[in-house]
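Sequential numbering from 1 along the given sequence is applied to the chain's residues.
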Amino acid sequence: MPPIDYMGPQGGMLAMAFAAGAMATAGVLSGIGALFWRLFGDKRIKALEADIVSMKAEQARSIEAIKVEHTKSLMAERHRCDEEIDQLRMQVTQLQTILIANGNANMRQAVQASISEIRIGEDRKDDQ
């Protein structure tokens, strides 16, 4: 058998045979890939899309639960602050009473002036 001349006419026929086989193989593999994609790929994509939708819904529920919990904690904190403010107001009233009862004349006048200023400020806040 004579040697093959790769650079001559036999090489071209060999290249054409290789190209035909490569194209046939690519076509068969493409067809098999499309078949597997239709059988398994579309179902998996739909399953993943359903998972995404359920995760988004779960995330929305958890965010809503966190908002409710945060609102409750804010309300509890506000209630605690209101109670503390009431206690502080009572203490201020007691201290003013002690200063009026036990202070000298200048002290009484200063305390009474501050009391009236506080009441005027509270009235203005109520009007707004």
- Set of side chain to side chain donor-acceptor pair (under 3.5 Å) partners for E77, sequence neighbours left out: R80
- Query: Do M90 and D86 touch side chain to side chain, with heavy atoms closer than 4.5 Å?
  - Reply: no
Sequence neighbours excluded and cut-off under 3.5 Å, please list the side-chain donor-acceptor pairs for residues 94-111, or say none.
unit_1: T97; atom_1: OG1; unit_2: T93; atom_2: O; d: 2.8
unit_1: N104; atom_1: OD1; unit_2: N106; atom_2: N; d: 3.3
unit_1: N104; atom_1: OD1; unit_2: M107; atom_2: N; d: 2.8
unit_1: R108; atom_1: NE; unit_2: I100; atom_2: O; d: 2.9
unit_1: R108; atom_1: NE; unit_2: G103; atom_2: O; d: 3.3
unit_1: R108; atom_1: NH2; unit_2: G103; atom_2: O; d: 3.1

Please list, one pair per line, the donor and acceptor atoms closer than 3.5 Å that link side chains of residues 67-74 to other protein atoms, with sequence neighbours excluded.
unit_1: T71; atom_1: OG1; unit_2: K67; atom_2: O; d: 2.7
unit_1: S73; atom_1: OG; unit_2: H70; atom_2: O; d: 2.8

Return a table of donor-acceptor pairs under 3.5 angstrom between the side chains of residues 14-34 and protein atoms on other chains or two or more places apart.
unit_1: T25; atom_1: OG1; unit_2: G21; atom_2: O; d: 2.8

- Item | Interatomic spacing from CD1 in I63 to NZ in K56 - rounded to 0.5 Å | 12.0 Å
- Task: Tell me who clusters with L48, hydrophobic residues only, linked when side chains sit under 4.5 Å apart either directly or through other members.
- Result: none
- Query: Around atom CD of E58, are there more than 12 heavy atoms of other residues, nucleotides or ligands at under 6.0 Å?
  - Reply: no
- With sequence neighbours excluded, residues passing side chain to side chain donor-acceptor pair (under 3.5 Å) with Q87: none
- State the OG-CZ distance between S114 and R119, to the nearest 0.5 angstrom. 10.0 Å
